[in-house]
Amino acid sequence: MYTKCLPWKLEDSQLAHWAARAFFLLGGDVKVSSSHMAHRISSPASPFVVNSPGHLNSTPSNFHHQQPHFTFSSPDSGAVGTFNPNAISKCNLIRPTRITPLWLMPLARDVGKPHQPLLDSVVNNEELLTEISVKQLLDHTVETTLFRDLILSGSDTCIGLINALIHRYLDDATSTDAISEKLRQVCPSLYRNEDALCTKVNEQLLKARTTTMSRMDKERLLQQTLETCKQIPARINLAHVFQQLSACQYFGDVVELCCVVAEKLDPQHRAQQCYSGQQEDPAAVEALLARKNCYQQTCLSPSVPKSPGTMIQTTPQGYEEGLSPLEAQRLADETLSLALQSDDELCHDDKLLEIHSPHLENDLKRQTVGQVGQQQQTDLVAKYDLLWKFYEKSGQFIAAARVLSRLADAHSTAISLPMRIEYLSRAIVCARAAETSSFGNAVQGQFLYEMEEKMDVAKVQSQVLEAVSRLPSRDADTISRLHSDLLDVTQLYEQFAEPLGLWECKLAILHCANHYDSALVTSIWQNIINAEVKKLGHADTETKLATLGSKMKTLGRTYAQSEQFFPLEFLVKTLETYSVRWNGPPGWVVFIMLTAGVSFQRLFAVYNRLYGAKDVVWQAEGKPNHLLKVLADMLNRLVDSSTGGLAALVPTADRRALIGQCVEAVGVYLTDLFCTTHATSPALIAEFRTLQGKLELICNESFKCNFFPHSCHSSPILFLLFRLFEAFFYFSFS
């Protein structure tokens, strides 16, 4: 087998002896392992050393891999002219060639100038042409090897080498600073700063576990370790780190580290969206699972068991004794407090709410004892948050609702008004769930009613807060007062709406309290309109009409169905006055009111009464027929089938009565117009005559449909009676 790899015939017995010795010592392949990095073969003439590729390095993905063994081998082949790594290796053991140093050489050298790198091959053309073995290696590389394979396959070797080197230092309890610095200097692109920090974390954890030191020194060392971990959250194996910390009975800063790593894993906060049901795509689910994996590391203390039973000692054998129950309870309280103080909402209620223990409720209650101070208030709110979530998760809905109600009512600057409204909303949901699950009772029903009333007042308070925030003269104390408590309607009216002139808020308070005062409501509406008109100043007509119309539509949608708080006749007259002054279109106010939700029949009745009142305001404004123009526009809407007409504007049950009222009213309008000499009267007379004919036709059709069923046409006598009655009806209106 030796003659296959040698270009000459082997006859020297001493050389054959060395070859056989190499074969039996090393086998058919050259094998390199971390435990045995070199096999030495010596002879009296010259030594032969087969080493691993010591120049190769790579960045380890983490430092928890087992030290790998690497084997360089390929199928034996006796074909002449082909490259066989085994054959070359065996040949090199027997006769030194340029292949031996080539294995240990870099691929290229830098022959360029400063800031102008130029790479050149370490093997020149002459060496490639004269050496039989190098030529075969080059041919094999050209035929089979890709740069991809060189980089990807070589990384495993580099990982193994770096791991073996670092573990050698760690096993010897030697500082890794020197070797890390050397690796950073020699191969900075392969052994990055993050790798050096990972190495340091492993060294410090190992030192804390195996070195005898005072508790203060150990805590200081572990605190430094966690600070280092925070610098490389993406590279940290939390489970491994926390296992070591637990063995050292150290729990400081663990919550912060969990949150830092969770934030790094989910920077876009998709987990929260998945948790709240807003997003359920695979990426969000994966983010939620990653965060949960981080949060579960906070449940390390033996004082908070997953289920009732004997406390299990978690300190590994060979380390200091476990904490006393009192100390363990203190650490558990601190960990819970830190979790609740974090900005990460998911950290608050992930693992803690999954604990099934009869003591958890009492523990949460105990921590909600009232405290003073801003920071203490914030902590207390967080603990109450956890308590209601615990009740909700365990199906105790009425208990959860009461805690939520207490949070909403609490005097605290740590709770904003939007948070209070959110608490009330959740309390209502829980109270309704309690009624559904237990078929309810009088007490629960009363509680739900109180929560809904409180929610109505809180919404008005939110409106007051928004109005105060827009005031040029707003002050921080007033805004803080509106945030720090839920106020009643009397306080909102007397302390804010009245002294600050918040007219819309006044109306909202009266409506919420169902306090009706006709003169007060009318005065408030007048001031609302005046304030809006004042803000418009010297704006153009189109802007004035659009802005005031938009304000009235918005308010109308809220109050139009409450006639006591929406004085329609007063509002129509006031807005039509501005329409006359601003030369607005006839249907401007009608469109506003219909959009706000006022019914057509109610609106027509109001306009008909206003016309009948013969108010001198229209004469004073120089447009005595203004209301008749508006009424004509309304009736055109009613008879215009292209826009839906009667069917779209009036419910079926009200149509017949409305058409009769319209026919009668048109007769009055025509009579009055015949007696006037205004320039607009002739055109209005013609328009109302046309409308009269259309309305009478609709009235006749409606009368036939309602009083004469289709079956009457089958009887000649009934049909004759119908035609006579129809003629009488027509002439009586003509």
**Student:** Please tabulate, one pair per line, all N/O donor-acceptor pairs under 3.5 Å involving side-chain atoms of residues 665-675, not counting sequence neighbours.
**Tutor:**
from   : atom 1 : to     : atom 2 : distance (Å)
Tyr669 : OH     : Asn608 : OD1    : 2.5
Thr671 : OG1    : Gly667 : O      : 2.9
Asp672 : OD2    : Tyr611 : OH     : 2.7
Asp672 : OD2    : Lys614 : NZ     : 3.1

**Student:** Only distances under 3.5 Å count here; give the side-chain donor-acceptor pairs of residues 398-409 to other protein atoms, sequence neighbours excluded, each with its distance to 0.1 Å.
**Tutor:**
from   : atom 1 : to     : atom 2 : distance (Å)
Asp409 : OD1    : Lys454 : NZ     : 3.4
Asp409 : OD2    : Lys454 : NZ     : 2.7

**Student:** Using distance only, find each side-chain donor-acceptor pair of residues 461-468 under 3.5 Å and give its atom names and separation, not counting sequence neighbours.
**Tutor:**
from   : atom 1 : to     : atom 2 : distance (Å)
Gln461 : OE1    : Leu487 : N      : 2.8
Gln461 : NE2    : Leu482 : O      : 2.7
Gln461 : NE2    : Asp485 : O      : 2.7
Glu466 : OE2    : Arg470 : NH1    : 3.3

**Student:** For Tyr449, enumerate each residue passing the ring pair (Phe, Tyr, Trp, His ring centres under 6.0 Å) test, keeping only those at least two apart in sequence or located in another chain.
**Tutor:** none
**Student:** Between Thr676 and His678, is any side-chain donor less than 3.5 angstrom from a side-chain acceptor?
**Tutor:** no
**Student:** Just to verify, what does Tyr607 make a ring pair (Phe, Tyr, Trp, His ring centres under 6.0 Å) with, not counting sequence neighbours?
**Tutor:** none
**Student:** Tabulate below the donor-acceptor pairs under 3.5 Å that side-chain atoms of residues 627-639 make, not counting sequence neighbours, or state none.
**Tutor:**
from   : atom 1 : to     : atom 2 : distance (Å)
Asp633 : OD2    : Arg637 : NE     : 3.4
Asn636 : ND2    : Ala632 : O      : 3.0
Asn636 : ND2    : Glu687 : OE2    : 2.7

**Student:** Please tabulate, for the side chains in residues 564-572, all donor-acceptor contacts under 3.5 angstrom to protein atoms that are two or more places apart in sequence or on a different chain.
**Tutor:**
from   : atom 1 : to     : atom 2 : distance (Å)
Glu569 : OE1    : Arg609 : NE     : 3.2
Glu569 : OE1    : Arg609 : NH2    : 3.4

**Student:** What pairs meet the ring pair (Phe, Tyr, Trp, His ring centres under 6.0 Å) rule with one or both residues in residues 537-558, with sequence neighbours excluded?
**Tutor:** none
**Student:** By side chain to side chain contact (heavy atoms under 4.5 Å, CB included), which residues pair with Glu542, not counting sequence neighbours?
**Tutor:** Asp540
**Student:** Side chain of Glu576, backbone of Lys573: donor and acceptor closer than 3.5 Å?
**Tutor:** no
**Student:** Going by atom type alone, with no hydrogens or angles, which donor-acceptor pairs under 3.5 Å involve a side-chain atom of residues 493-505 and a protein atom two or more places apart or on another chain?
**Tutor:**
from   : atom 1 : to     : atom 2 : distance (Å)
Glu498 : OE1    : Lys506 : NZ     : 2.7
Glu504 : OE2    : Lys551 : NZ     : 2.8

**Student:** Run the side chain to side chain contact (heavy atoms under 4.5 Å, CB included) test against Ser425 and tell me which residues pass, sequence neighbours left out.
**Tutor:** Met455
**Student:** Kindly write out the residues that satisfy side chain to side chain contact (heavy atoms under 4.5 Å, CB included) with Asp475, not counting sequence neighbours, or none if the list is empty.
**Tutor:** Asp477, Thr478
